[in-house]
Amino acid sequence: MSPKAQSQTQKPERQKITIPKLYEMKASKDPVSWLTCYDYPTALLMDRAGVEMILVGDSLGMTMLGYPTTLPVTMDTMITFTSAVTRAVKYAFVIGDMPYMSYQISKEEAIRNAGRFMSECGTDAVKLEGGVRMTSVVEAITNAGIPVMGHIGLTPQSASQLGGYKAQGRDAETAKRLIVDAEALEQVGAFAILLECIPAPVAKTIHERVKIPVYGLGSGKDVDGQLMIVHDMIGMFERFTPKFVKRYANLSPILLEAFSQYHKEVKREKFPQPEHFYHMAEGELERLKRLIKP
Ligand code: KIV
């Protein structure tokens, strides 16, 4: 192919998603596609597919590490997984999720840990859970020059306090508290808010009342973009499936079949076949036999 023809068929280089771009997308009502991701090969594929935001969530404690909750996840674990993702991503806006007890103890520790995501992993922002009660921390991290996304509604790190993993804001009083939380986060400088598992009309009201982008996970359509946990949408997390999940692929049976087939072929000596072997140069085997002759 001539260089001219080649340049005509090449896709234009995509500009990395930034906060001004996210604000532009909000203004033009262009919904953001957002997924969680925890590893390099999957991040490469998401980036190629055009997914606009990636969250390296502490949900990796459950989806990747098999813990019953997100609480055992440490900063060091988050740094390892987050750097794998940022090494792959050229286009999407990448957010590091602050794990349990990395921001609750003091503002100083919160700034230090948020800074680790930015300096050691090269993330574009961090996310932390909580509304009004976390405003001083959000403000401190923002003042340190680090963009912070607030996360309200079902906040998994406080699932015990919330009485389990269930939708929040289903009555007027608790819905009002979520609105107050969202307004408080905007006030202290959060660049965006994630609403998890709240009724669609409450999400719509919050979206109408704050100016910053509002994204949803199980919170209806009237928001600026949608998040989904990757393992839920590709059928790789079988412990439970929340109501709001749409499954776009079912990889578990495909992988199970591949592993079972491999196991059987090894047992029956059907794998490997000669096409999988390395061969020696002509005459070398005979030479070797002479060399090792007892
Ligand atoms: O850790 C995570 O993936 C999250 C989502 C549940 C929002 O915080």
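Keep in mind that what you see is a predicted model, and the values were worked out from it rather than measured.
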Return yes if some donor-acceptor pair links the side-chain N/O of Q226 with the main-chain N/O of G220 below 3.5 Å, else return no.
yes
Do the side chains of V73 and F81 get nearer than 4.5 Å, heavy atoms only?
no
State whether the side chain of Y23 and the backbone N or O of F191 hold a donor-acceptor pair below 3.5 Å, judged by distance alone.
yes
Close side-chain approach of D97 to V56, heavy-atom, < 4.5 Å:
no
Applying a strict under-4.5 Å side-chain criterion to I, L, V, M, F, W and Y, I'd like to know whether I179 and V210 cluster together.
yes
Taking all heavy atoms of A140 and all of K107, pick out the closest pair and write down the distance.
CB-CD, 3.7 Å
Could you tell me whether K211 and E186 make a salt bridge, using a distance below 4.0 angstrom between a side-chain N and a carboxylate O?
no
Any heavy-atom pair between the side chains of T135 and V138 that's under 4.5 Å?
no
Any donor-acceptor pair under 3.5 Å from D224 side chain to P31 backbone:
no
Value rounded to 0.5 Å, distance of CD1 in I54 from CD1 in I95:
10.0 Å
For M228 versus V245, what's the shortest heavy-atom pair and its separation?
SD-CA, 4.0 Å
Within a reach of under 6.0 Å around NZ of K16, are more than 12 heavy atoms found that belong to other residues, nucleotides or ligands?
yes
Which value, rounded to the nearest 0.5 Å, describes the distance between M233 atom CE and I229 atom CD1?
11.0 Å
With side-chain contact (heavy atoms from CB on, under 4.5 Å) as the criterion, how do I254 and E257 come out once you've worked through the C-alpha distance, each side chain's angles and the decisive distance to 0.1 Å?
CA-CA 5 Å; I254 296 171; E257 174 55 26; 5.9 Å; no
Rounded to the nearest 0.5 angstrom, the OH-CE distance for Y103 and M75 is 12.0 Å
Between S219 (side chain only) and C197 (backbone N and O only), is there a donor and an acceptor less than 3.5 Å apart?
yes
So, taking the atom named CZ in R116 and the one named CD1 in I111, what distance separates them when rounded to the nearest 0.5 Å?
15.5 Å
Surrounding CD of Q273 (heavy atoms of other residues, nucleotides or ligands, distance under 6.0 Å), is the total greater than 12?
yes
Is there a side-chain contact between L55 and M149 in this structure, where contact means two heavy atoms from C-beta onward sitting under 4.5 Å apart?
no
Using modelled atom types and a 3.5 Å cut-off, is there a donor and acceptor pairing between side-chain atoms of T174 and backbone atoms of D171?
yes
Residue pair M78, L60: steps toward the side-chain contact (heavy atoms from CB on, under 4.5 Å) verdict:
CA-CA 9 Å; M78 287 306 297; L60 66 82; 3.7 Å; yes
Taking atom OH of Y165 as the centre, does the number of heavy atoms from other residues, nucleotides or ligands within less than 6.0 Å exceed 12?
yes
Taking M101 as the starting point, is it possible to reach M134 by hopping between hydrophobic residues whose side chains are less than 4.5 Å apart?
no
Using side-chain contact (heavy atoms from CB on, under 4.5 Å), reason through L128 and I141 one step at a time and then give a plain yes or no.
CA-CA 11 Å; L128 57 82; I141 300 175; 3.7 Å; yes
Should V188 and V132 be counted in the same cluster of Ile, Leu, Val, Met, Phe, Trp and Tyr side chains packed under 4.5 Å apart?
no
Search all heavy atoms of A110 against all heavy atoms of V137 and return the closest pair with its distance.
CB-CG1, 3.6 Å
Nearest heavy-atom contact between G189 and T142 is O-CG2, 3.7 Å
Group every Ile, Leu, Val, Met, Phe, Trp and Tyr by side-chain heavy-atom contacts under 4.5 Å, then state whether M53 and I19 land in the same group.
yes
Do you know which two heavy atoms are closest between D232 and P242, and how far apart they sit?
OD2-CD, 4.0 Å
Going by an N to O cut-off under 4.0 Å, is there a salt bridge joining E284 and R287?
yes
For atom CD of E269, decide whether the heavy atoms of other residues, nucleotides or ligands shown that lie under 6.0 angstrom number more than 12.
no
Would you check if the side chain of D47 reaches a backbone N or O of Y91 as a donor-acceptor pair within less than 3.5 Å?
yes
Salt bridge or not for R112 and E108, using N-O below 4.0 Å?
no
Test item: L217 and F244 side chains (from C-beta on) under 4.5 Å apart, heavy atoms:
yes
Q157 (side chain) donor-acceptor with E129 (main chain) under 3.5 angstrom:
no
Please name the pair of heavy atoms, one in V202 and one in G169, separated by the smallest distance, quoted to 0.1 Å.
CG2-O, 3.6 Å
Checking Y215 against L227 for the side-chain contact (heavy atoms from CB on, under 4.5 Å) test, could you report, in this order, the C-alpha distance in whole Å, the side-chain angles of both residues, the deciding distance, and whether it holds?
CA-CA 7 Å; Y215 304 109; L227 170 64; 5.8 Å; no
Less than 4.5 Å apart, any side-chain heavy atom of W34 and any of F93?
no
With heavy-atom distances below 4.5 Å as the criterion, would you say the side chains of F240 and M62 are in contact?
yes
Sidechain-backbone polar pair: E238 side chain, G235 backbone, donor-acceptor under 3.5 Å
no
Please check if the side chain of Q168 supplies one atom and the backbone of K166 the other of a donor-acceptor pair under 3.5 Å.
yes
Give a yes or no answer on whether the side chain of T123 reaches the backbone of F117 with a donor-acceptor pair at less than 3.5 Å.
yes
Would you compute the distance between atom CZ of R133 and atom OG of S158 and round it to the nearest 0.5 angstrom?
5.0 Å
Would you find more than 12 non-hydrogen atoms of other residues, nucleotides or ligands less than 6.0 Å from R170 atom CZ?
no
R268, CZ atom: more than 12 neighbouring heavy atoms under 6.0 Å:
no
Verify the cluster assignment for M98 and I152: are they in a single hydrophobic cluster under the rule of side-chain heavy atoms below 4.5 Å apart?
yes
In the structure I gave you, are the side-chain heavy atoms of Q15 and K21 within less than 4.5 Å of one another anywhere?
no
Does E265, at its CD atom, have more than 12 non-hydrogen atoms belonging to other residues, nucleotides or ligands within less than 6.0 Å?
yes
Separation between OH (Y248) and CD1 (I234), nearest 0.5 Å, reads 13.5 Å
